[in-house]
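Below you'll find the structure I mean.
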Amino acid sequence: APEVKGAPARAGAQEKPEVEKASMEKGKPQQAANVPAGAPPAPAAKAIALGRPALPEEIAAWNIDVRPDGEGLPEGKGSVKEGETLFLHSCAVCHGEFGEGAGRWPVLAGGQGTLKSDRPEKTIGSFWPYASTVFDYVHRAMPFGNSQSLTPDQTYAIVAYLLNLNDLVPEDYVLSKENFPKVALPNQANFYEDDRETTEKAFWKKEPCMTDCSGEVHVTARAQILNVTPEGDAPKGNLE
Amino acid sequence: APEVKGAPARAGAQEKPEVEKASMEKGKPQQAANVPAGAPPAPAAKAIALGRPALPEEIAAWNIDVRPDGEGLPEGKGSVKEGETLFLHSCAVCHGEFGEGAGRWPVLAGGQGTLKSDRPEKTIGSFWPYASTVFDYVHRAMPFGNSQSLTPDQTYAIVAYLLNLNDLVPEDYVLSKENFPKVALPNQANFYEDDRETTEKAFWKKEPCMTDCSGEVHVTARAQILNVTPEGDAPKGNLE
Amino acid sequence: GAGVLGAGPAAAAGPDPNIVPVPDWTKTLGPGVNVNPYGKPSKFEKDVVRREVTWLTASSESSVSFTPLYALDGVITPNGLCFVRHHGGEAEIDPDKYRFMIHGMVEKELVFTLEDIKRMPGRVNRAYFLECAANSGMEWRGAQLNGCQFTHGMIHNVFYTGVPLRAFLDIAGVKPKGKWVLAEGADAAAMTRSIPIEKALDDCLVAFAMNGEALRPEQGYPVRLVVPGWEGNMWIKWLRRIKVGDQPWQQREETSKYTDLLADGRSRRFTFIMDAKSVVTSPSPQAPLRQKGPNVLTGIAWSGRGTIRRVDVSLDGGRNWTTARIEGPAYPMAMTRFYLDFDWAGQELMVQSRAMDDTGYVQPTKTELRAVRGTNSIYHNNGIQTWLVRSNGETENVEVG
Amino acid sequence: GAGVLGAGPAAAAGPDPNIVPVPDWTKTLGPGVNVNPYGKPSKFEKDVVRREVTWLTASSESSVSFTPLYALDGVITPNGLCFVRHHGGEAEIDPDKYRFMIHGMVEKELVFTLEDIKRMPGRVNRAYFLECAANSGMEWRGAQLNGCQFTHGMIHNVFYTGVPLRAFLDIAGVKPKGKWVLAEGADAAAMTRSIPIEKALDDCLVAFAMNGEALRPEQGYPVRLVVPGWEGNMWIKWLRRIKVGDQPWQQREETSKYTDLLADGRSRRFTFIMDAKSVVTSPSPQAPLRQKGPNVLTGIAWSGRGTIRRVDVSLDGGRNWTTARIEGPAYPMAMTRFYLDFDWAGQELMVQSRAMDDTGYVQPTKTELRAVRGTNSIYHNNGIQTWLVRSNGETENVEVG
Ligand code: HEC
Ligand code: HEC
Ligand SMILES: [Ca+2]
Ligand SMILES: [Ca+2]
Ligand SMILES: [Ca+2]
Ligand SMILES: [Ca+2]
Ligand SMILES: [Ca+2]
Ligand SMILES: [Ca+2]
Ligand SMILES: [Co+2]
Ligand SMILES: [Co+2]
């Protein structure tokens with residue numbers, strides 16, 4: 001007989017939980033759910049013969065991520081000047097010549113000092129914590145519609161230009177694998193780990209108020225967009 | 001505040017069943033189902049103000065069912081002869097001049113004595129328990145594509161013809177609301193209530209065999225139709 | 001037939017052309033977010049459709065199209081693939097013109113609009129299987145159709161949203177003599193079935209949504225009756241009328257049809273409950289085995305009497321059994337999914353599954369079933385199915401003994 | 001606006017023309033059983049579709065189309081109506097060419113085909129909600145969009161079939177230093193997110209089916225990652241790669257985006273969990289009240305921290321609350337459905353719902369939320385929603401105080 005795995009001993013033998021016994025009573029138009037079979041069976045002692053070794057060329061083709069510590073950066077370099085030429089040719093149509101954004105396309109430069117304002121402008125210079133992300137993302141997903149088309153040198157050059165547009169490197173800067181770790185972005189220190197469980201502890205309430213919870217209630221604001229299918233000259237959206 | 005119904009007191013206060021407590025443990029890729037809210041709330045003491053009285057004309061328009069005891073039969077009558085004319089005009093194209101069925105359309109007459117055979121032919125005469133069903137169904141659903149178009153007199157006549165085709169009434173028979181209850185179909189006594197829980201009690205087995213349940217097993221029959229999408233000159237189906 | 005077996009896993013000779021160079025779909029933009037405001041399956045899944053067996057019936061308006069069980073997984077049947085059985089074609093009903101009548105042995109004879117139904121207190125959500133009593137009906141005399149879509153595809157499993165029928169009967173006020181209800185559809189068959197009042201007051205639903213959205217037209221839009229665990233023909237689509245009476249109506253679908261002719265020439269009637277049943281959906285004739293080594297066997301099990309408690313699988317035609325893993329919810333009167341992970345060395349298999357429900361009912365073999373019922377029953381064939389998997393992976397519908 | 005209120009129930013003046021004479025659809029045959037081998041909704045439901053808000057984004061390839069929650073019921077979101085968020089359009093992948101790579105800090109770097117994934121032992125079926133972290137993001141500054149489709153429609157709830165990610169990591173053998181995984185998609189955005197190894201080994205799934213059938217193309221066909229309870233952006237579609245590493249990658253979607261800017265100018269990162277939240281879907285701006293008398297209020301509730309234990313509803317802007325009926329399954333990290341049956345005399349209502357999960361978390365008011373977070377967060381807006389129902393039944397998105 002073929003080797004058979006994954007039949008947990010408890011299935012079938014399992015006592016029926018109380019909950020379900022109750023729900024099975026005749027004459028009740030209700031439906032109970034049983035206990036799911038539980039965690040998937042522990043991996044077989046014998047290794048599972050699925051998947052084949054990934055070849056080095058294959059890993060290289062897909063392994064494009066770049067980390068803040070420089071892991072993943074390819075060999076290469078590029079200057080702000082080269083970057084400007086490339087940017088004007090491949091990027092400016094959407095992001096503007098100076099990264100100011102055309103129409104609703106993303107803004108890439110400026111915005112310093114706006115993060116506490118009513119309308120924060122979150123750019124590489126004003127918001128992003130790491131320069132590595134610019135390299136990673138531009139190579140990964142830009143120009144929009146032609147992803148992964150930029151060479152390492154081109155990407156270094158464009159990142160150098162974007163850093164320059166954000167006043168982070170001088171006009172004659174040449175970015176390379178070697179000096180990349182030295183580039184620090186100004187807003188990095190302002191990121192911290194999710195702390196909702198402590199700073200929002202008040203949202204865990206055992207007994208929320210049920211009756212007479214407030215004084216009189218009035219409408220304080222109404223929907224700005226009255227059509228359910230908005231169209232026309234609407235405000236610029238904040239879905240990022 | 002508006003009157004609010006249907007919030008069962010136990011919701012929320014309900015103790016969490018053991019089953020679910022277990023399943024909520026961290027680190028378990030499993031998912032428990034809770035107890036459904038249970039039976040719908042008992043009907044409000046106050047009558048629910050939904051639905052409006054059905055008018056007599058409305059009930060009359062839809063109340064077309066006919067029972068074996070004659071309940072639901074309209075006033076009227078029709079002869080075998082009239083029925084023959086109507087049947088040849090509106091029914092024979094599918095069911096054949098003598099109810100023998102054209103092509104794969106249903107057979108309506110004959111088949112007496114075949115019920116124990118390998119190929120039972122289940123017709124009004126050989127199988128159906130009640131003549132009222134013929135009246136009800138012919139008026140309800142025939143002619144196929146023009147349902148509920150037959151008048152009471154026409155329906156009496158067609159049923160009379162179908163009974164005659166099945167050798168159940170003579171050629172000069174006139175069927176009417178009055179004599180309808182007298183028509184008995186021959187196979188009626190051979191119907192009995194579902195008795196699976198007693199005659200098939202053997203199918204309730206506490207511990208079905210798991211190992212070495214039989215001697216050697218061989219294939220005894222193979223699928224006759226090898227194409228998964230059958231087409232062409234296939235056997236007449238037995239989906240009724 | 002030609003072998004279907006693949007080469008099996010092996011180290012690649014050189015870089016896989018699907019990895020190097022990076023595929024085009026990773027480099028150029030694809031369709032935008034709303035090319036299909038109501039989405040549809042991938043073009044690569046175009047064969048996963050309902051299928052009709054045209055020789056089964058004389059007309060497509062009274063016929064069936066079958067659910068492609070072999071290609072599905074999990075417990076929900078997608079609305080677009082729920083099998084369809086009509087007796088007069090699909091009624092196309094404007095919801096504003098829809099009316100629902102309750103009359104007969106009640107205190108108040110009433111008419112409801114769809115809005116009224118949606119305003120009724122006590123709305124519920126429940127998952128139930130719906131199996132046509134004729135499912136597997138073509139297999140009584142022996143293995144006939146090669147594919148679980150055709151042998152077992154008259155079943156679907158759906159989450160319904162609706163109001164208990166009881167709520168309407170309570171408003172109308174059933175008179176003491178009311179012992180049965182007649183449910184009637186608004187289609188050209190004006191489909192009718194008699195239902196005992198106990199069932200009507202127990203768990204039947206007047207449903208207007210399935211799997212989260214409005215009922216599909218071929219499933220009774222805007223309103224169908226849900227009759228949990230009982231044969232699909234009773235789940236009246238396009239529900240227009242409930243009549244309360246003191247005896248069954250002996251309609252065509254409960255006399256000429258949906259009665260079970262046994263070998264002695266007598267017939268069982270009112271065989272409402274669908275017994276426990278199961279089928280392996282993969283491997284199966286439309287889903288052959290393609291690789292040696294690790295494989296996942298999967299199938300579905302259900303019972304009209306309660307909850308599936310256990311499913312056993314045999315790979316040797318019923319000599320030896322292994323209990324499969326039931327995975328995902330197992331609700332009463334709903335379809336459950338089971339799996340058996342196994343290694344295949346390429347030997348011939350005779351695959352079977354055996355369902356047990358919480359009443360202790362064990363799905364019988366076809367031999368056991370025929371011993372009690374003969375082969376003329378048409379309906380309620382819940383016998384154990386056998387698939388023969390050949391050493392090349394091809395799979396066939398067979399019977400064993 | 002014009003009133004939407006109907007005349008209400010009344011005795012008919014004469015026979016209803018929708019009853020007498022019998023409608024045409026009861027007299028003539030309708031379409032046959034297989035006119036749509038893959039079925040679709042009724043033509044009368046043609047407005048129940050996903051909708052894009054074109055002014056929100058510069059291009060449809062990086063945009064969103066929203067689920068029409070106002071028209072749905074029950075707990076399952078139909079596949080055709082699951083909201084869509086792309087960042088480079090929909091990758092159209094031939095399943096035979098699909099490859100899945102695991103590499104980095106593992107003992108064995110491996111490539112899997114789709115067939116391999118389907119042959120993995122341990123396949124499971126689980127229902128989970130997927131909510132975009134930006135759902136309700138347009139509402140931080142105040143009521144803006146008139147319809148729960150737009151304010152809350154970046155959520156769906158689906159039954160997934162797949163294999164625990166852990167099974168793949170176990171085969172590959174995570175090295176002791178492996179603390180994070182990077183999940184990457186094969187679309188033109190090559191979407192990436194860093195996920196802590198604990199979550200990856202806990203309940204993440206490599207899923208290939210949704211609601212019983214193959215994943216839909218816009219949901220990642222043939223394979224997506226399922227990250228229960230965590231923000232939707234992490235549920236990588238068209239999953240092509242899992243890399244194991246010792247620290248997070250700080251990708252664009254976890255730095256520039258999906259970080260939460262607070263009033264003090266600082267930002268929370270790795271805010272993965274979606275907090276408890278709920279919304280009344282009917283009445284709502286797209287589903288106004290139409291009749292006085294009995295009415296059914298309904299909505300959905302969910303929590304990324306566990307199971308919804310209770311939902312309270314207020315009709316007076318939060319002064320007084322009534323516990324609603326949770327109806328249908330309530331699984332952890334899945335959407336639940338609630339109902340409140342109420343009588344409406346035509347007075348103005350300020351409708352709210354408040355979800356509680358089994359960790360004791362109570363959905364906060366918008367005021368409470370803004371007090372902690374300001375109004376620049378974009379993401380994770382789970383504040384209590386208010387709908388103003390006017391005495392003519394029209395319903396508007398408002399804020400109250
Ligand atoms: C056709 C329009 C278009 C072109 C050309 C284009 N981009 Fe973009 N860019 C976009 C869109 C759209 C996004 C946002 C995508 C998303 O949100 O998923 C974006 C995002 C970005 C971002 C991230 C912005 C943020 O705040 O997170 C950077 C950086 C960027 N682009 C750089 C470039 C560079 C460099 C080039 C040229 C090599 C380029 N783009 C060309 C449209 C374009
Ligand atoms: C265009 C073809 C067609 C015509 C014309 C037609 N029928 Fe039928 N008849 C059918 C079909 C198809 C069925 C089976 C419908 C089903 O199974 O739902 C049927 C079923 C029946 C049955 C039930 C058979 C059984 O065994 O249950 C009777 C009785 C019947 N027809 C009588 C009539 C009469 C009387 C007329 C004329 C007034 C008529 N038919 C005209 C096609 C037709
Ligand atoms: Ca508009
Ligand atoms: Ca063929
Ligand atoms: Ca493309
Ligand atoms: Ca049927
Ligand atoms: Ca028609
Ligand atoms: Ca998203
Ligand atoms: Co039956
Ligand atoms: Co977040």
Side-chain angles (χ1 to χ4, degrees), chain A residues 5-6 33 40-41 43 48 50-54 58-59 62 65 67-68 103-105 115-116 120 128-130 132-133 136-137 140-141 147 190-194 199-200 203-206 208 210-214 217-226 228-231 234 237-240, chain D residues 51 53 55-56 58 101 103 109-112 116 119-122 124 134 137-138 142-147 164 170-171 182 188-190 241 249-250 252 255-257 261 265-271 286 317-321 329 350 360-362 364 372 376 378 388 396-401:
Chain A
K5 294 185 285 224
I48 294 152
L50 288 169
R52 56 142 182 101
E58 292 173 332
I59 296 173
W62 285 12
D65 45 274
R67 276 194 332 203
R104 289 185 195 121
W105 303 100
L115 296 187
K116 295 184 207 170
W128 292 36
Y130 304 105
S132 62
T133 312
D136 177 286
Y137 183 71
R140 171 184 302 282
S147 308
N190 290 318
F191 284 85
Y192 61 101
E193 306 291 302
D194 182 6
T199 53
E200 297 180 1
F203 297 164
W204 277 264
K205 306 172 189 170
K206 283 284 157 258
M210 295 297 285
T211 328
D212 290 325
C213 305
S214 71
V217 176
H218 299 282
V219 170
T220 56
R222 297 181 185 284
Q224 292 160 25
I225 311 297
L226 288 170
V228 292
T229 308
E231 57 206 17
N238 59 359
L239 177 79
E240 303 216 334
Chain D
R51 288 186 178 86
V53 179
W55 55 259
L56 268 182
M101 186 185 287
H103 73 120
E109 302 190 304
L110 295 168
V111 172
F112 296 83
D116 291 339
R119 291 167 61 212
M120 285 284 287
V124 298
M138 283 91 78
Q144 185 170 206
L145 288 161
N146 236 348
D170 283 343
I171 297 187
L182 183 74
R241 187 164 72 106
W249 282 260
Q250 307 288 358
R252 184 251 193 174
T255 53
S256 167
K257 310 297 170 195
L261 176 58
R266 299 196 309 145
S267 297
R268 287 177 181 154
R269 67 177 163 198
F270 304 145
T271 51
Q286 297 159 290
R319 286 186 86 172
N320 295 284
W321 297 86
M350 287 179 277
Y361 184 98
V362 180
V372 191
N376 288 338
I378 297 174
L388 176 72
E396 193 184 357
N397 177 7
V398 301
E399 304 226 347
V400 293

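Per chain, numbering begins at 1; letters A, B, ... match sequence-line order.
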- Message: Which heavy atom of Gln250(D) sits nearest to which heavy atom of Pro68(A), and what is that distance?
- Response: CG-CG, 3.5 Å
- What part of Phe191(A) lies closer than 4.5 angstrom to a heavy atom of chain D: side chain, backbone, both or neither? both
- Message: Please give me the minimum heavy-atom distance between Lys206(A) and Gly360(D), naming the atom from each residue.
- Response: NZ-CA, 3.9 Å
- Query: So which part of Trp62(A) gets closer than 4.5 Å to some heavy atom of chain D, the side chain, the backbone, both or neither?
  - Reply: both
- If every non-hydrogen atom of Leu115(A) is compared with every non-hydrogen atom of Gly265(D), which pair is closest and at what distance? CD1-O, 4.0 Å
- Message: Only pairs of heavy atoms separated by less than 4.5 Å count here; which of Gly318(D), Ala190(D), Ala188(D), Ser267(D) has the most with chain A?
- Response: Ser267(D)
- Task: Heavy atoms only: give me the nearest Val219(A)-Met350(D) pair and the separation to one decimal.
- Result: CG2-SD, 4.3 Å
- Message: Please identify, among Phe112(D), Tyr361(D), Trp321(D), the residue contributing the most non-hydrogen atom pairs under 4.5 Å to chain A.
- Response: Tyr361(D)
- Are any side-chain N or O atoms of Thr255(D) and backbone N or O atoms of Pro129(A), one a donor and one an acceptor, separated by less than 3.5 Å? no
- Query: Any sub-3.5 Å donor-acceptor pair from Arg319(D)'s side-chain atoms to Ser214(A)'s backbone N or O?
  - Reply: yes
- Query: Hey, what do you get for CG (Asn190(A)) to CZ (Arg266(D)), rounding to the nearest 0.5 Å?
  - Reply: 7.5 Å
- Query: Among Val372(D), Leu261(D), Leu388(D), who wins on heavy-atom pairs under 4.5 Å with chain A?
  - Reply: Leu261(D)
- Report the distance from atom CZ of Arg52(A) to atom CD of Glu109(D), rounding to the nearest 0.5 Å. 12.0 Å
- Query: Side chain, backbone, both or neither: which part of Glu193(A) has an atom under 4.5 Å from a heavy atom of chain D?
  - Reply: both
- Message: Apply side-chain contact (heavy atoms from CB on, under 4.5 Å) to residues Leu182(D) and Arg67(A) and explain how you reach the verdict.
- Response: CA-CA 11 Å; Leu182(D) 183 74; Arg67(A) 276 194 332 203; over 6 Å; no
- Query: Which one of Ala141(A), Ser132(A), Ala221(A) has the most heavy-atom pairs closer than 4.5 Å to chain D?
  - Reply: Ala221(A)
- Query: Val362(D) versus chain A, heavy atoms under 4.5 Å apart: side chain, backbone, both or neither?
  - Reply: both
- Item | Between CG on residue Asn146(D) and CZ on residue Arg222(A), distance to nearest 0.5 Å | 10.5 Å
- Query: Between Gly401(D) and Thr220(A), which heavy-atom pair has the shortest distance, and what is it?
  - Reply: N-CG2, 3.5 Å
- Message: Given heavy-atom pairs under 4.5 angstrom as the criterion, report whether the side chain, backbone, both or neither of Tyr192(A) touches chain D.
- Response: both
- Item | chain D contact via Asp136(A) - which portion, at a heavy-atom distance below 4.5 Å | side chain
- In terms of heavy-atom contacts, Asp116(D) and Leu50(A) come closest through O-CD1, 3.7 Å
- Query: Quick one: does Pro121(D)'s side chain get under 4.5 Å of Ile48(A)'s, heavy atoms only?
  - Reply: yes
- Does any N or O in the side chain of Thr271(D) come within less than 3.5 Å of the main-chain N or O of Asp194(A), such that one atom is a donor and the other an acceptor? no
- Query: Just wondering, more than 12 heavy atoms not from Lys205(A) lying within 6.0 Å of its NZ?
  - Reply: yes
- Query: Are Thr199(A) and Arg268(D) side-chain neighbours, meaning at least one heavy-atom pair lies under 4.5 Å?
  - Reply: yes
